[in-house]
Novice: 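Dropping a structure here in structure tokens format, bear with me for questions.
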Amino acid sequence: MGLKRYVATRLLTMLGVLMATLLLTIALVGSNMDVILKQGVAFQVRSEITQNAAIAGSFVNADEFEKFVQEQIDQRSKALGLDSPWYSPQRIGSTMYKILILDFGRATFLTSDSGSSDVKDILLEKIPKTVLLFTTATIIISIIGIFLGSLASSKINSKIDRVTSTFAVVSSSFPVWWIGMIMIFVFAFVYHLFPARATPSVLPSDPGYIAALLYHMTLPLITIVLIGFGSWAYLVRNFMIGILQEDFVIAKKTIGINQKKIIYGHALKNAAPPIVTILALSLSGSLGGAIITEAVFDWPGMGRLYFEAISVMDLPVIIGATYVLTVFFLASIFVADLLYGYFDPRVKTS
Amino acid sequence: MSTVPLNEIGQEFVRNKIGLVGIGILATLFIISAMAALTIPLETLKTWNNPESWLEFPKTALPAWINLFLSEKIPEHKILTNSKDSLQSTEELTIFSQQFSVVYEFDDFPNDFIYEFTAKYSGSPLLQISVIRPDGMTVELLSRSLPYLESAVHHERVFSTDNAVKKNLILQSEKFGFLLNEISAEQIVFSESSVQKVLNGKYVFLIRLVGTSSENEIVESSLILGGKVFGFVGTDELRRDLSVGLLWGTPLALFIGIAVAIGSVVMGLLYGVYAGFIGKKTDETMMRFNDVIYALPALPFLIILAVTISNSIFVMIGFLMIFGWVGVAKVSRSMALQIKTRQYVEASKIMGQRSSKIILKHILPQLLPYAFASVAISVPAAITTEAGLSFLGLGDPSFPTWGQILHDASTHGAAARGLWWWVIPPGLMIAVTGLAFVFIGNALDTIVNPRLKR
């Protein structure tokens, strides 16, 4: 199988997954969406009629009034296309088409900071903030992880190795968001170093906004790095140990090339494929896994938006955010696959 | 990945220190679960989210052991239910009296005191409350008639903040050497008589129900001394005793973790082995489906599922399984592909054995060690994911888990307000439970994967 075919198959799979995800999301929230829309129509009709004294007063009894209201509601629903259920092919088709061309519609409750209720505007405002926090964190984590991991692998069973491994195991069993709460307790309550809420209190238009944002970002950033780098170092260590056992490394050792050069020059290069793959995956994983962390720190990014949308059942936002999260996730899996294929040509041909 | 016989795994495991530590922690957790189930009735747990049932507990009280580290002892919240009851009858009057005695040894005044009672009486009897203090002085607190009833039940709470109590105390101001007007009742009752300072010692609260009917009695009563420390882990903003939630959280977390892990490993194992064994088109299709599930963003979907379908704990376990089996399926497929080519499998195929029998008899047993390791490794992820969902407020309200305690803590801003006893214990429990399984999983993994040993 050539590279082109490999890429094409992966792309097709990804597209299939994207469609499946979209369909699943609509299927899950569709019935709720219908109920909410219908309730909205019924409420609107009822308030319009009761406010109009001329109509409300012209009925003989309550039954007649109810009948009239119901007729009005049915008429209005039909005009909006609500008479066919959400799972009718036309409605699903039109909903999916709209989402594919990134028309997510208007949010029911939430708005962007600038006051727009267009879901696209809200998402465009939140994505950079999530990227700012989590991409920075992932980059820091991977740099610390790679160096610490290589160091540990060069001195197996030394103190550094043991501390790294223990730290990796222990830190990975703590939920990040709980560590976040502890960090808030220590640095916001006991020492008053950082604010407890990560949303800056100044307006985005203020010139000091960037500085405030960076200051508010420190605590979540430290937390994510603290919890993340241990397992990274552990992974890198395990890859490196495998490579350091290979013949070419032993050969280099015997001809007297120094340890540092072997580790950072030759072994690390050979450990690159899995490391790069994991880097690509964790860059995207951070976007999805950020929901709880952002909720703890009140960081104004995608994760908190998702959480807020869920808590008020703002369906257009939920669908839009799920779509964007899935696209990010799939894109990074795709990139990871390609990178893996590039570094390890055996994958493409098998 | 090599296949190791099960009895060898047992022998090697006993030699693995970390694995044994894991087993030790796990055993402790099981003991805690058993204790919780035996000592705390499930009904108490069911009322976890009902504020009515926690009224007699203090608000955000520190754990009681904190006093061991403090030079100034913080008053402990006490709920006294053991009273000495007696009945005296003369021709005209019946006096039902109760005595609550308490030894008060703290360096601060109590928050308040509350007398809660349910009485059955006829007519309109007189309720008298007085207290005999360590210095021998008797202070009258209250004397008032109860509403008229014909042999019916009356329930009431008498608070120390009651105006009548304060008025009665001011009437006795000659007993105290300081002005009473600006001071609340509990700070007068528990104070030395000359200066306003805490008086330690034995206090006896006397309650008398004076009426004409001989049937009068106090059916149920308790005296609550409001304090600022309570129990082993304290209480939260909603007055709930956190130890109840923490203890009951253990069996729940173990149940969720183990059920999800076993369920997803069994599913993944069967799926992967079947795909690998049958091969060809079936394998291709099944693995494509596997790819689709693998590429679904798990957390957003779990959230949507919890919100739209149900947040019942059992349904949630099912959802967690859906996202848990994918990795196991991939690995067991590749292992099945290897085992398939072994001669004894080929031989039984040629002999015409059914595929289901070959899978069950020859392939699955080889994968068991791997399966055990994966079960242990998947438990922490399941527990933290459930905790995370509960933390977002999507947990099952009828079964309070550690994640839900943290959710409540977070909504009340516990971390930023310094209520550490509300935040630290649940998280520690999650982490310790996770660690136990990580230890066991790592130990099994090094046995199953000898390459990791060095």
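Quick caveat, the model's predicted, so the values are computed rather than measured. Heavy atoms only: backbone and side chains are in, while hydrogens, waters and symmetry mates are out. Residue numbers start from 1 in every chain, and the chains themselves are labelled A, B, ... in the order their sequence lines are given, proteins ahead of strands.
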Novice: Tell me whether the count of non-hydrogen atoms from other residues, nucleotides or ligands lying under 6.0 Å of CG in B/Leu337 goes above 12.
Specialist: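 Enclosed.
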Novice: Out of A/Thr322, A/Ile179, A/Leu24, which one racks up the most heavy-atom pairs below 4.5 Å with chain B?
Specialist: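 Winner by heavy-atom pair count: A/Leu24.
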Novice: If you tally heavy-atom pairs under 4.5 Å against chain A, which of B/Ile430, B/Leu394, B/Leu305, B/Leu428 wins?
Specialist: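 Heavy-atom pairs under 4.5 Å are most numerous for B/Leu428.
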Novice: Any side-chain to backbone donor/acceptor pair from B/Trp402 onto B/Gly427? Under 3.5 Å, distance only.
Specialist: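 Here the side-chain-to-backbone pair does not exist.
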Novice: Only pairs of heavy atoms separated by less than 4.5 Å count here; which of B/Ile383, B/Ile303, B/Asn442, B/Thr385 has the most with chain A?
Specialist: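 Most heavy-atom pairs under 4.5 Å with chain A: B/Ile303.
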Novice: Where the side chain of A/Ser153 meets the backbone of A/Ile241, is there a donor-acceptor pair that is under 3.5 Å apart?
Specialist: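 Such a contact is absent between A/Ser153 side chain and A/Ile241 backbone.
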Novice: Can you tell which part of A/Ala188 gets under 4.5 Å to a heavy atom of chain B, answering side chain, backbone, both or neither?
Specialist: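 When you check distances to chain B, no heavy atom of A/Ala188 falls under 4.5 Å.
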Novice: Please identify, among B/Ser410, B/Ala414, B/Gly388, B/Pro380, the residue contributing the most non-hydrogen atom pairs under 4.5 Å to chain A.
Specialist: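 Highest number of pairs under 4.5 Å: B/Gly388.
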Novice: For B/Ile18, is it the side chain, the backbone, both, or neither that has a heavy atom closer than 4.5 Å to a heavy atom of chain A?
Specialist: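 Neither part; nothing is under 4.5 Å.
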Novice: Among B/Gly434, B/Ala381, B/Ala387, which has the most heavy-atom pairs under 4.5 Å with chain A?
Specialist: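 That would be B/Ala387.
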Novice: For the residue pair B/Trp325 and B/Phe289, does the interplanar ring angle fall in the parallel (under 30°), tilted (30 to 60°) or perpendicular (over 60°) class?
Specialist: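 The rings of B/Trp325 and B/Phe289 lie parallel, inter-plane angle below 30°.
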Novice: Identify the residue among B/Arg333, B/Arg288, B/Lys330 that makes a salt bridge (Lys or Arg N to Asp or Glu O under 4.0 Å) with B/Asp283.
Specialist: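 Testing B/Asp283 for a salt bridge (Lys or Arg N to Asp or Glu O under 4.0 Å) against B/Arg333, B/Arg288, B/Lys330 leaves exactly one candidate, B/Arg333.
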Novice: Can you tell which of B/Val423, B/Ile309, B/Val438 has the highest number of heavy-atom pairs within less than 4.5 Å of chain A?
Specialist: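 Among the listed options, the one with the most contacts to chain A is B/Val423.
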